[in-house]
Amino acid sequence: MGTATHPNLPEASIDVALMVDAYHEFEWPREMMERVVKSIAPDGRVVLLEYRGENPLIPIKRLHKMTQKQVKREMAAVGLQWRETFDGLPNQHLMVFSRPNAVANPNFVKE
């Protein structure tokens, strides 16, 4: 129901935007994420699960992987702050972001 640049979600309407091996596929990532940021509630989270670009042994094409540094830089560019990374998965990072003024939940990702 969305487009390449817009998720078509009402502003401040979702608590968590979970993207599993998807963010790197966006045709217009900055434009989409700017709209996603508007769609999350004030204390909402954006959670990205992406294959580890730091690991050359993961047997998928490089264009389908992202480093934590890269993801953090791109999320900061749309106004999101990194909160935590769960590295308990063998091939992927699970990274949690929110607005800088959001109330942090210390137990958002549990091991």
Visitor: Are V96 and L49 linked, directly or through intermediate hydrophobic residues, by side-chain heavy-atom contacts shorter than 4.5 Å (ILVMFWY only)?
Guide: yes
Visitor: What is the minimum heavy-atom distance between D15 and A41, and which atoms define it?
Guide: OD1-CB, 3.9 Å
Visitor: Considering all heavy atoms of both residues, which atom of E50 and which atom of A22 are nearest to each other, and what is their separation?
Guide: OE2-N, 3.6 Å
Visitor: Only distances under 3.5 Å count here; give the side-chain donor-acceptor pairs of residues 69-81 to other protein atoms, sequence neighbours excluded, each with its distance to 0.1 Å.
Guide:
residue, atom, partner, partner atom, Å
Q70, NE2, E74, OE2, 3.4
E74, OE1, Y23, OH, 2.5

Visitor: Do V37 and W28 share a hydrophobic cluster, counting only Ile, Leu, Val, Met, Phe, Trp and Tyr and linking them when any side-chain heavy atoms are less than 4.5 Å apart?
Guide: no
Visitor: Starting from V20, can I reach V47 by hopping between I/L/V/M/F/W/Y residues whose side chains sit under 4.5 Å apart?
Guide: yes
Visitor: Which residues pass the side-chain contact (heavy atoms from CB on, under 4.5 Å) test with I60, sequence neighbours left out?
Guide: Y51, I58, H64, K65
Visitor: I need the minimum non-hydrogen distance between R45 and A102, along with the two atoms involved.
Guide: NH1-CB, 3.7 Å
Visitor: With sequence neighbours excluded, what pairs up with W82 under the side chain to side chain donor-acceptor pair (under 3.5 Å) test?
Guide: T85
Visitor: Taking C-beta and beyond as the side chain, do M19 and M33 meet within less than 4.5 Å on heavy atoms?
Guide: yes
Visitor: What are the two closest heavy atoms between R99 and I40, and how far apart are they?
Guide: NH1-O, 3.1 Å
Visitor: Anything under 3.5 Å between a donor and an acceptor, one on a side chain of residues 7-14, the other on a protein residue two or more places apart or in another chain? List them.
Guide:
residue, atom, partner, partner atom, Å
N8, OD1, H6, ND1, 3.3
N8, ND2, M1, O, 2.7
S13, OG, P10, O, 2.6

Visitor: Going by salt bridge (charged side-chain N to carboxylate O under 4.0 Å, His left out), name the pairs with one or both residues in residues 29-42, residues two or more places apart or in two chains.
Guide: R30-E34
Visitor: Determine which pairs satisfy side-chain hydrogen bond (donor to acceptor under 3.5 Å, both in side chains) with at least one residue from residues 52-63, sequence neighbours left out, and list them in order.
Guide: E54-H93
